[in-house]
Amino acid sequence: MPTFALVDCNAFYVSCERVFSPALADRPVVVLSNNDGCIVARSAEAKALGIGMGQPAYQCAELLKRHEVAVFSSNYALYGDMSARVMDTLARFAPAMEVYSIDEAFLDLTGLPEAVALARGMRDTVRRFTGIPVSVGLGPTKTLAKVANRLAKKDPALGGVLDLCGHADLERVLRGVDVEEVWGIGRRHGAWLRGLGVRSALDFSRLPRELVRRRMTVIGLQTLLELQGVSCLDLDAAPAPPRSVVASRSFGRPVTDAGEMREAVAFHAARAAERLRGKGCVAGNILVFVQTNRFVAGEPQYAVSDTAAFAVPTAATPEIIRLGQAVLGRIFRPGFRYKKTGVMLFGLEPAANCRGSLLENPRETARARALMCVVDGINARHGRDALTFAASGLARPWRMKQGRRSPRYTTVWDEIPVVRAD
DNA sequence: TCTGGGGTCCTAGGACCC
DNA sequence: TCTGGGGTCCTAGGACCC
């Protein structure tokens, strides 16, 4: 029987901020989403105040102020780098690991002796090497490892580790887990299950398979089997190449001007192109979307997207900007207060597969590729925006709000913390 | 009077994840 | 005034082909 470990960082973004601001250790802390919109991470103290996950920040502004909650804009340069350090540390502990998200990893501990002791070792080592606290759940399936992790976080008496492999009373454990807390059961299915009188993970695991299969597809059926201890989801150590790449942002204020919109589309096109090259891919297609603010009742709404195909799959920023702006030209309508735009690149393939085409001029293609290499090289050395494309604008009055970002302590020379000797 | 059936591909929409 | 961003997967249904 397999043994999976799920390692999950506790309140990850908050923990990253605390590593560099130890004075925040026992204070309530929250981190906001992009554009300072929603709460996306909360310390235990902030949770205790009743601040909800995903809650719009303006709704709890009063509460944040009254309790002197430390509030941060999100700082993905910092979180991404800290994540890499955590993952590097975890990788020492098992022959195979799947990095599942920025703050979670599955490890395959099958056949290793003393899995619980190993889990405690992971926890201590990650804390010592990176400053980040983690919890570890062990189980015979990924879904049960998820359950174990959640319980390990919730109950301090467990010391951050819970093992559900060969657990003496798994039924009692699953009876205590709300059905909508199970990995793979979201809002819609949760509501449907409640309607059937299914309240706990245990109730769900006892439903007829055919019913679950019909309503929740094979995904739901896998979840059910995994709760019964039948492993359906393998560790995915080498994730498939990406199928799409997206760059999008809400505006810091409504945009009405076509010129500003063109700038923003160019900006996101350039970001998406960078990511594409970072993954060693080229894109065959582009999608551009624009949308107004759906939360403003009574304001005229408009949300449209359109796509186009590149003559030859490409990762060259100028081409991607050009086609992106052409698509924008087809969908942009004046007279609306726009909230957001974005660019998606899809039809991806590895750049190495690109075998040329009658439609391209090989010399120009080579020049474009060389240019991108130079741009990426300079930006890698001197900061992401050392070289940008003029089409994405300079002032960018539409850029997102980010009023409370901490320094990029670990990735920008000028922002590295200074340790005083006195 | 009699008028098939099976396979593949694509897309839109829905659901989920962190 | 103020409500994130980036992904994946599955299914149904239509188009198309033989």
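None of these values were measured; they are calculated from a predicted model.
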Next on the checklist: Does the protein touch nucleotides 8-18 of chain B at the base, only the backbone, or not at all? Give it as B, S and - per nucleotide, heavy atoms under 4.0 Å.
Outcome noted: -------SSSS
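Residue A/S248 has no polar side-chain atom (N or O) positioned under 4.0 Å from OP1 or OP2 of C/dG4. In terms of phosphate contacts, A/S74 brings no side-chain nitrogen or oxygen within less than 4.0 Å of OP1 or OP2 of C/dG4. For A/R253 and C/dC2, the shortest distance from a side-chain N or O to OP1 or OP2 is not below 4.0 Å.
Listed by chain and residue number, nothing satisfies the salt bridge (charged side-chain N to carboxylate O under 4.0 Å, His left out) test with A/D108 (two or more places apart in sequence, or in another chain).
Where A/T217 and A/R243 each meet DNA chain C at their nearest nucleotide, the meeting point lying more 5' is that of A/R243. Each of A/V296 and A/I219 lies near DNA chain C, and the nucleotide nearest A/V296 is the one positioned closer to the 5' end.
Using modelled atom types, one side-chain atom of A/R123 and one backbone atom of A/V134 make a donor-acceptor pair closer than 3.5 Å.
The OH atom of A/Y58 sits 9 Å away from the P atom of C/dC2 (whole-angstrom rounding). The separation between A/R404 atom CZ and C/dC2 atom C1' is 13 Å, rounded to whole Å. What separates CD of A/Q402 from P of C/dG4 is a distance of 15 Å, to the nearest Å. Protein atom CG of A/N35 is 11 Å distant from nucleotide atom C1' of C/dG5, rounded to whole Å. In this structure, the CZ atom of A/R294 is 14 Å from the C1' atom of C/dC2, given to the nearest Å. One can place CZ of A/R405 at 17 Å from C1' of C/dG4, the figure rounded to the nearest angstrom. To the nearest angstrom, P of C/dG7 lies 12 Å from CZ of A/F289. The interatomic distance linking A/E274 (CD) with C/dG6 (P) rounds to 13 Å, in whole Å.
The side chain of A/K279 approaches C/dG7 more closely than any other nucleotide in the set C/dG7, C/dG6, C/dG4.
Taking each heavy atom of A/T130 and A/V19 in turn, the nearest pair found is O-CG2, 3.7 Å. Counting all heavy atoms, side chain and backbone alike, A/D236 lies closest to A/K142 at N-NZ, 4.2 Å.
Using a 4.0 Å heavy-atom criterion, one finds that A/R271 contacts no nucleic acid atom at all. Contacts of A/A57 with the nucleic acid, taken as non-hydrogen atoms under 4.0 Å apart, are absent. At a threshold of 4.0 angstrom between heavy atoms, the contacts of A/R213 are confined to the sugar-phosphate backbone, with no base atom among them. Using a 4.0 Å heavy-atom distance criterion, A/S244 is classed as a sugar-phosphate-only contact.
A salt bridge links A/R271 and A/E274; the closest N-O separation between the charged side-chain nitrogens and carboxylate oxygens is under 4.0 Å.
Ring to ring, A/W183 and A/F4 are not that close: their centroids are 6.0 angstrom or more apart. Between A/W398 and A/Y338, the distance from one ring center to the other does not fall under 6.0 angstrom.
Rounded to the nearest Å, the gap between the P atom of C/dC18 and that of B/dT3 is 24 Å.
To the nearest 0.5 Å, the span separating CG on A/L158 from CG on A/D163 amounts to 11.0 Å.
Crowding of A/R243 atom CZ: a count of heavy atoms from other residues, nucleotides or ligands under 6.0 Å not exceeding 12. Applying the 6.0 Å contact sphere to CZ of A/R187 captures no more than 12 heavy atoms from other residues, nucleotides or ligands.
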Next on the checklist: Once pairs are restricted to Watson-Crick or G-U wobble with both distances under 3.5 Å, how does DNA chain C read as a dot-bracket string, [ ] for crossings and | for other-strand pairs?
Outcome noted: ....||||||||||||||
